[in-house]
Undergrad: 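The structure follows.
Heavy-atom basis, side chains included; hydrogens, waters and symmetry copies ignored.
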Amino acid sequence: SRAQRLQELLNRQDYWLRFCAFHIIGVMPVDSLLSEVKRGLRDIHPLVRQTALWAMQRIASAKEVHKGAEELLEDEDPLVVQYAQHVVQS
């Protein structure tokens, strides 16, 4: 299934593949992968964390999105923090 293939990409070492998978999850959207999207907020790569939050905005409740964004307000990457602030304020 599409969700299984996306999950396989999320488990890859290549951050670009994980980024692409989260982008597709948000565009399609693939609601069944919400738990993986939440885990993506803790990915080692900042672009992946930011994209996971973006995908979360498209498949999760407003409460879950707000909680996820708040978690990223203390991120080590300033661009992730900036995006999280934008999400919290919107």
Undergrad: Show every salt bridge (charged side-chain N to carboxylate O under 4.0 Å, His left out) that has at least one partner inside residues 78-90, sequence neighbours left out.
TA: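 Passing the test, one end in residues 78-90: no pairs.
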Undergrad: May I have all residue pairs that pass salt bridge (charged side-chain N to carboxylate O under 4.0 Å, His left out) and include part of residues 13-26, sequence neighbours excluded?
TA: Arg18-Asp43
Undergrad: Show the nearest heavy-atom pair for residues Leu53 and Gly68, with the distance to one decimal.
TA: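 Minimum heavy-atom separation between Leu53 and Gly68: CD1-C, 4.2 Å.
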Undergrad: Could you state the interatomic distance from CG (Leu41) to OG1 (Thr51), rounded to the nearest 0.5 Å?
TA: 10.5 Å
Undergrad: According to salt bridge (charged side-chain N to carboxylate O under 4.0 Å, His left out), does anything in residues 72-87 pair up with another residue at least two apart or in another chain? List the pairs.
TA: Arg49-Asp75
Undergrad: Apply side chain to side chain contact (heavy atoms under 4.5 Å, CB included) to the pair Trp54 and His23, showing each step before the final yes or no.
TA: CA-CA 8 Å; Trp54 176 85; His23 183 78; 3.8 Å; yes
Undergrad: CG/Leu72 to CZ/Arg42 distance, rounded to the nearest 0.5 angstrom?
TA: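 Interatomic distance, Leu72 CG to Arg42 CZ, rounded to 0.5 Å: 10.0 Å.
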Undergrad: Anything under 3.5 Å between a donor and an acceptor, one on a side chain of residues 25-37, the other on a protein residue two or more places apart or in another chain? List them.
TA:
residue: Glu36; atom: OE2; partner: Gln7; partner atom: NE2; Å: 2.5

Undergrad: Let me check something: any side-chain donor-acceptor pairs from residues 80-90 under 3.5 Å, sequence neighbours excluded? List them with distances.
TA:
residue: Tyr83; atom: OH; partner: Gln57; partner atom: OE1; Å: 2.4
residue: Ser90; atom: OG; partner: His86; partner atom: O; Å: 3.0
residue: Ser90; atom: OG; partner: Val87; partner atom: O; Å: 3.1

Undergrad: In the hydrophobic cluster built from side-chain contacts under 4.5 Å, what are the other members alongside Ile44?
TA: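 Its cluster mates, by chain and number: none.
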Undergrad: So how far is it from Phe22 CZ to Leu9 CG, rounded to the nearest 0.5 Å?
TA: 10.5 Å
Undergrad: Can you list everything that forms a ring pair (Phe, Tyr, Trp, His ring centres under 6.0 Å) with His45? Sequence neighbours excluded, please.
TA: Tyr15
Undergrad: Tell me whether Leu10 is reachable from Trp16 by hopping between hydrophobic residues (I, L, V, M, F, W, Y) whose side-chain heavy atoms are closer than 4.5 Å.
TA: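 Yes, it is one cluster - the side chains of Trp16 and Leu10 are joined through contacts under 4.5 Å.
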Undergrad: Does anything in residues 79-90 pair up under salt bridge (charged side-chain N to carboxylate O under 4.0 Å, His left out), and if so which pairs, sequence neighbours excluded?
TA: none
Undergrad: Does anything in residues 61-73 form a side chain to side chain donor-acceptor pair (under 3.5 Å)? List the pairs, not counting sequence neighbours.
TA: Lys38-Glu64, Ser61-Glu64, His66-Glu70
